[in-house]
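A note on names: the letters A, B, ... follow the listed sequences, proteins ahead of strands, and every chain is numbered from 1.
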Number of protein chains: 2
Amino acid sequence: METPFPTLSVALPDSSLIDSKSLLEKSLRVAQFARALSIFRVEKVYVYHDASSAVRPDDSKLITLLLEYLDTPQYLRKLLYPKMKLLQFAGMLPPIQSPHHKKFLRASEIRGEEARAGVLVRDRGKWVVDVGLDRTVPFVGNTETTRKANFKLSVKEGQLVANEIIGKVGDSEYWGYHVLIVRTLSEITSRLSSVKFLITTRRGKPIPLIIPSLTKSFNHTSEVVLIFGSPRNDVWEIVNEIDRDLVSSSLAINMFPLQGTNTVRLEEALLGSLAIINSIRA
Amino acid sequence: METPFPTLSVALPDSSLIDSKSLLEKSLRVAQFARALSIFRVEKVYVYHDASSAVRPDDSKLITLLLEYLDTPQYLRKLLYPKMKLLQFAGMLPPIQSPHHKKFLRASEIRGEEARAGVLVRDRGKWVVDVGLDRTVPFVGNTETTRKANFKLSVKEGQLVANEIIGKVGDSEYWGYHVLIVRTLSEITSRLSSVKFLITTRRGKPIPLIIPSLTKSFNHTSEVVLIFGSPRNDVWEIVNEIDRDLVSSSLAINMFPLQGTNTVRLEEALLGSLAIINSIRA
């Protein structure tokens with residue numbers, strides 16, 4: 001199966017939890033974000049700064065921390081996330097179950113090649129990887145720090161070894177999302193050539209009117225970035241001064257024309273908008 | 001603003017809560033259903049029987065009861081819903097805030113005509129309506145029982161009076177959904193002429209391939225019924241024998257092609273599917 005084109009990214013403000021009260025409510029909301037991102041194979045989540053609000057540092061930390069936690073295979077969570085107050089409810093959140101969330105296996109069960117997410121650790125003077133097997137696997141290559149990465153396991157001369165996978169893991173399977181913190185949306189463009197920004201807002205053009213032209217434009221785009229405002233304000237009301245031009249030149253879309261409720265919650269907007277974009281790009 | 005065409009209905013199985021554990025979890029899930037239905041102006045929710053499962057009576061009751069509760073304006077809830085164990089968490093669920101969820105007003109604030117949901121009650125030998133004002137309003141017409149209905153308030157000879165609105169309340173505003181319990185899906189067709197059933201299933205045709213023909217078919221359809229399976233099984237595995245023909249002749253659609261997660265939860269499928277259909281019909 002071919003990977004659909006273009007790849008999909010999302011930009012959420014660091015004020016995304018501004019109207020949630022308890023840590024439980026906040027955690028449930030981030031879990032809904034994580035599921036929506038994964039269902040639609042979002043590759044990057046940019047968490048950008050809401051310049052208009054006094055964002056609680058714990059809230060913006062919870063967004064990135066919990067998104068990363070939920071994207072991490074079960075077998076690596078204890079190693080990577082020591083007990084933390086912010087992750088108090090993480091264990092009871094609905095799991096994502098993406099292809100990279102693999103099961104514990106015995107090393108002897110690995111035949112041929114297999115990709116697994118893992119962590120580089122130092123063991124008796126050598127680098128090995130913990131990839132959720134009953135033992136660690138020798139690492140082929142150089143590294144200087146312990147860190148999370150993706151590895152290709154293979155059998156060389158009778159021994160199971162691990163090579164790091166740089167970049168994409170295969171073409172067909174979804175391999176989770178990356179969380180990137182950016183101060184401004186302009187930081188995103190500076191890294192990419194053919195990126196298309198779509199701003200979701202009630203004041204945008206109704207989606208039914210632009211589906212044909214939008215579908216066509218996807219042919220010349222390598223990455224679509226869907227930008228969401230905060231639970232309280234539209235994108236252009238919260239971005240940094242430097243992003244004004246970028247925002248005003250981007251296509252603004254009303255994804256929920258004639259909405260029957262006073263508001264659409266951010267987690268609803270995220271899932272619904274991704275469902276629509278997926279239905280015209282896949 | 002014209003009402004979009006066709007109207008949208010949804011069929012959910014009475015086993016929709018079969019994999020939810022606590023009453024809180026179940027209540028949160030039904031609240032997500034209610035919000036999705038309201039955002040996309042769904043007019044009817046058919047709760048059909050899952051013939052394959054032993055559905056807990058309390059679960060199927062919670063679905064209909066809580067959906068109706070959440071669609072009811074705040075000012076009528078105390079009157080219509082006495083304290084019930086099943087509604088223990090109803091007060092803390094996210095509100096819908098549809099246009100018919102109007103505020104408390106003083107009767108003297110009503111000028112001209114206004115539609116409000118209300119309840120017929122007997123007061124000193126006469127029928128009056130409670131429509132969330134500081135006093136009840138005399139009812140013009142005949143009735144035999146106390147019941148919920150929609151009323152048109154107007155001033156006649158200096159006095160505020162209420163007439164019942166039969167059928168749709170105006171053309172432009174969304175006025176909530178009706179919950180209908182059906183034993184079989186075939187019961188739905190027997191009431192309607194040009195209804196189109198769409199079955200949502202991972203094993204259906206990928207939505208991107210059928211959007212053009214689907215959009216076109218909406219021109220000849222007065223009601224689209226989106227049918228969902230249970231959290232565990234596809235529609236055709238759970239319907240009554242009598243519905244087999246209907247189900248096998250309906251269009252089956254995969255709304256989430258290339259999904260990046262093992263499963264899509266029912267509340268996610270509902271919101272995402274409605275977002276897609278709304279984006280091509282509005």
> Considering residues, nucleotides and ligands other than Gln74(B), do more than 12 of their heavy atoms fall under 6.0 Å from its CD?
Replying inline: no

>> Measuring from atom CD of Gln32(B) to atom CD of Gln32(A), what distance do you get when rounded to the nearest 0.5 angstrom?
In response: 4.5 Å

> Roughly how far apart are Asn278(A) CG and Ile207(B) CD1, rounded to 0.5 Å?
Replying inline: 10.0 Å

> Highest number of heavy-atom pairs under 4.5 Å with chain A: which of Ala36(B), Ser98(B), Ser273(B)?
Replying inline: Ser98(B)

>> Given heavy-atom pairs under 4.5 angstrom as the criterion, report whether the side chain, backbone, both or neither of Ile39(A) touches chain B.
In response: both

> Do any N or O atoms from the side chain of Ser38(B) and from the backbone of Gly260(A) form a donor-acceptor pair under 3.5 angstrom?
Replying inline: no

> Atom CD of Glu268(A) and atom CG of Leu274(B): how far apart are they, to the nearest 0.5 Å?
Replying inline: 11.5 Å

> How about Lys102(A): does its NZ atom have over 12 heavy atoms from other parts shown lying under 6.0 Å from it?
Replying inline: yes

> For Glu173(B), is it the side chain, the backbone, both, or neither that has a heavy atom closer than 4.5 Å to a heavy atom of chain A?
Replying inline: neither

>> Show the nearest heavy-atom pair for residues Arg41(A) and Pro257(B), with the distance to one decimal.
In response: NH1-O, 3.5 Å

> Taking Ile96(B), Thr215(B), Leu209(B) one by one, which has the highest count of heavy-atom pairs under 4.5 Å against chain A?
Replying inline: Ile96(B)

>> For Pro99(B), which atoms come within 4.5 Å of any heavy atom of chain A: side chain, backbone, both, or neither?
In response: both

>> Heavy-atom count check: over 12 atoms from other residues, nucleotides or ligands less than 6.0 Å from Glu25(A) CD?
In response: yes

> Picking from Ile277(B), Ile253(B), Ile276(B), what satisfies side chain to side chain contact (heavy atoms under 4.5 Å, CB included) with Ser279(A)?
Replying inline: Ile276(B)

>> What part of Thr263(A) gets within 4.5 angstrom of chain B, counting heavy atoms only: side chain, backbone, both, or neither?
In response: both

